[in-house]
Visitor: 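Here's a structure for you.
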Amino acid sequence: MLRQAVILIGGLGTRLGERTKLTPKPMLEIGGRPFLDMLIGELARYDIFEEILLLAGHKAEIVETHYAGASRGRARIVVSRETEPLGTAGALVHASGHLQDRFLLLNGDSLFDFNLLDLVARAQRGHVHMALRDGVLGDRYGRVVLDGDVVRDFIAPGAGATGPVNAGIYVVDKSVLAGITTLPAWLEQDVFPGLVKSGALRGTAYRGYFIDIGIPDDFARADRELREKLRRPAVFFDRDGVLNHDSGYTFETHKLEWIEGAREAVKAVNDAGYFAFVITNQSGVARGFYEEHHVVALHRWMADQMALVGAHIDAFEYCPDHPDGTVAHYCRTSDRRKPAPGMIHDLAQRFPIDMTRSMVIGDKNSDMEAAQAAGLAGHLFSGGDLEAFVKQRLVSAGNA
């Protein structure tokens, strides 16, 4: 399982002029918060990364101060500082002691909104696998020539070529750094050409919102539109009876049995650009059958199992309370327990959800009542292939 994300943030950002003299480009505010905070927040949604490594250079002390001791979700944030500019590949060599055998690598001055875990699931050991942005117009960016998923060539900007562009996101096998003997060095000029020759550079093209803040016009555009572009509809999944078979107070990983097509259904939601949430009543805690840490551990395991097929849940919400509970701390009525909509409302406070296009998928009337109370469409799942069920609802929502 890939557990580390690495972000390149060492550049001088000279094309932005005075803005970057005192502030690293990724730390400039976009929509009222540092752009790098947005990138890290997007990574944290995937809930598989245990470490986010920031490769800092220009004004690195600002990055170190801002993220000292910080974490996002399960990921701790670590800063590696360059003392001199070493290039994109050189920064990786300099930080090699911090790098895991395989890691996700991102440019710190661009954001591409697509399902990162699909890229991770496709990547092979011993290779670099690139995320490519399809459908980009104009000559500002170079183009990538693909043969299937094998990268055969790069076409320079301004050559009038069509095809996908390098989005600056890669799954990297650390072994590819072994051949770098001279610094500074750059991935694009010094590493990728050799990988192309050996057939070890792969790529997959995706659609999705893409922005690079490297020039003034695009910086201004990001400031105007990025917050709204990251607003998206959501699918709220019940857990027992929808994602996994309801065997009665499930809390042990070896007893969890996935519903047919469940993980693939979550991936379909991810690929469609929706948030995917779980909202589940867990009265077994209030009844003393298991404890909250068992629920958290099971959800962590489920997240890891989903990641194997390129799927993720943005947040697992659960309510441990029940008015008839035997554990005093949880013996209470809660507005988070379905059919009340509290878990949905709490998620809407934490995430930029487009509620007008969101839906609940559950297997009980209480799920449908929670959907209605939150003003959402509710879809009752009575069994079968969850992937087919969800895809049909996504198509219907897209045509609404």
Side-chain angles (χ1 to χ4, degrees), residues 1-8 38-53 73 75 88 92 99-136 141 143-152 154 163-177 187-188 191-192 195-196 199-212 230 232 263-264 266-276 303-314:
M1 185 71 68
L2 190 151
R3 297 295 191 189
Q4 184 184 48
V6 181
I7 307 180
L8 293 163
M38 293 189 183
L39 286 184
I40 291 173
E42 286 296 288
L43 287 172
R45 290 198 299 115
Y46 291 87
D47 198 36
I48 67 161
F49 301 109
E50 295 175 349
E51 180 177 277
I52 298 174
L53 176 63
T88 52
L92 294 173
L99 297 177
Q100 297 178 9
D101 289 344
R102 297 176 78 238
F103 53 92
L104 183 74
L105 179 65
L106 304 91
N107 286 336
D109 58 359
S110 60
L111 183 146
F112 187 16
D113 184 20
F114 75 103
N115 182 7
L116 287 173
L117 291 192
D118 183 80
L119 181 74
V120 172
R122 292 173 185 270
Q124 303 175 32
R125 289 193 175 275
H127 296 74
V128 172
H129 203 118
M130 312 172 66
L132 308 175
R133 173 62 167 88
D134 214 357
V136 176
Y141 300 98
R143 304 288 167 160
V144 180
V145 179
L146 285 179
D147 179 8
D149 70 347
V150 179
V151 177
R152 295 301 188 192
F154 293 94
V165 305
N166 181 1
I169 300 176
Y170 320 95
V171 175
V172 179
D173 195 296
K174 185 180 176 181
S175 63
V176 304
L177 303 177
L187 290 170
E188 294 81 358
V191 178
F192 289 171
L195 296 177
V196 169
L201 185 60
R202 306 297 176 93
T204 301
Y206 299 93
R207 292 276 181 164
Y209 177 73
F210 176 78
I211 189 74
D212 181 330
L230 293 180
R232 66 193 86 200
R263 294 185 300 167
E264 294 77 9
V266 174
K267 185 177 186 300
V269 169
N270 302 148
D271 291 344
Y274 283 53
F275 288 118
D304 288 344
Q305 293 297 304
M306 290 182 197
L308 295 175
V309 301
H312 79 277
I313 295 292
D314 291 286

Visitor: Give, for atom CD1 of Ile211 and atom OH of Tyr209, the distance between the pair rounded to the nearest 0.5 Å.
Guide: 4.0 Å
Visitor: If you take all heavy atoms of Leu187 and Tyr170, which pair is closest and at what distance?
Guide: CD1-CE1, 4.4 Å
Visitor: Measuring only between side-chain heavy atoms, which start at C-beta, is Leu99 closer than 4.5 Å to Leu177?
Guide: yes
Visitor: To the nearest 0.5 Å, what is the distance between CZ (Phe112) and CD (Glu42)?
Guide: 12.5 Å
Visitor: Checking side chain to side chain contact (heavy atoms under 4.5 Å, CB included) for the pair Leu111/Leu230: CA distance, chi angles, key distance, verdict?
Guide: CA-CA 10 Å; Leu111 183 146; Leu230 293 180; 4.2 Å; yes
Visitor: Quick check for you: to the nearest 0.5 Å, what is the distance between Ile48 atom CD1 and Gln4 atom CD?
Guide: 11.5 Å
Visitor: Does Glu264 come within less than 4.0 Å of Lys267, counting only side-chain N to carboxylate O?
Guide: no
Visitor: With heavy-atom distances below 4.5 Å as the criterion, would you say the side chains of Leu117 and Asn270 are in contact?
Guide: no
Visitor: Go through the steps for Val176 and Phe192 under the test side chain to side chain contact (heavy atoms under 4.5 Å, CB included), then give the verdict.
Guide: CA-CA 10 Å; Val176 304; Phe192 289 171; over 6 Å; no
Visitor: What's the verdict on side chain to side chain contact (heavy atoms under 4.5 Å, CB included) for Asp173 and His127, showing C-alpha distance, side-chain angles and the deciding distance?
Guide: CA-CA 6 Å; Asp173 195 296; His127 296 74; 6.0 Å; no
Visitor: Under 4.5 Å between any side-chain heavy atoms of Val171 and Leu2, yes or no?
Guide: yes
Visitor: Looking at Asn115 and Gly310, would you say the former's side chain and the latter's main chain have a donor-acceptor pair under 3.5 Å?
Guide: yes
Visitor: Is the shortest side-chain heavy-atom distance between Val165 and Leu132 below 4.5 Å?
Guide: no
Visitor: Look at Asp149 together with Arg122 and state whether they make a salt bridge at an N to O cut-off of under 4.0 Å.
Guide: no
Visitor: Does Arg232 make a cation-pi contact with Phe275, if we ask for NZ or CZ under 6.0 Å from the ring centre and within 45° of the axis?
Guide: yes
Visitor: Salt bridge between Arg207 and Asp113, side-chain N to carboxylate O under 4.0 Å?
Guide: no
Visitor: Is there a side-chain contact between Arg3 and Gln100 in this structure, where contact means two heavy atoms from C-beta onward sitting under 4.5 Å apart?
Guide: yes
Visitor: Quick one, Val145 and Phe154 - any side-chain contact, counting heavy atoms below 4.5 Å?
Guide: no
Visitor: Of Asp271, Asp118, Asp134, which is the lone residue that meets side chain to side chain donor-acceptor pair (under 3.5 Å) with Tyr206?
Guide: Asp118
Visitor: Just how far is it from atom CZ of Phe49 to atom CE of Met1, taken to the nearest 0.5 Å?
Guide: 10.5 Å
Visitor: Between Phe114 and Ala131, what is the shortest heavy-atom contact and its length?
Guide: CZ-CB, 3.5 Å
Visitor: Calculate, to the nearest 0.5 Å, the distance between atoms CG and CZ belonging to Leu195 and Arg202 respectively.
Guide: 11.0 Å
Visitor: If every non-hydrogen atom of Gly126 is compared with every non-hydrogen atom of Ala200, which pair is closest and at what distance?
Guide: O-CB, 4.2 Å
Visitor: Would you mind writing out the side-chain donor-acceptor pairs for residues 101-108 within the sub-3.5 Å range, not counting sequence neighbours?
Guide:
unit_1 : atom_1 : unit_2 : atom_2 : d
Arg102 : NH2    : Ala123 : O      : 3.4

Visitor: Taking all atoms of both residues into account, what is the closest heavy-atom pair of Val266 and Ala276, and its distance?
Guide: CG1-CB, 4.3 Å
Visitor: Output, in order, the C-alpha distance, side-chain angles, deciding distance and verdict of side chain to side chain contact (heavy atoms under 4.5 Å, CB included) for Ile40 and Ile7.
Guide: CA-CA 9 Å; Ile40 291 173; Ile7 307 180; 4.1 Å; yes
Visitor: Measuring from atom CG of Asp47 to atom NE2 of His312, what distance do you get when rounded to the nearest 0.5 angstrom?
Guide: 9.0 Å
Visitor: What heavy-atom pair brings Val151 and Met130 nearest, and what distance separates the two atoms?
Guide: CG2-SD, 4.0 Å
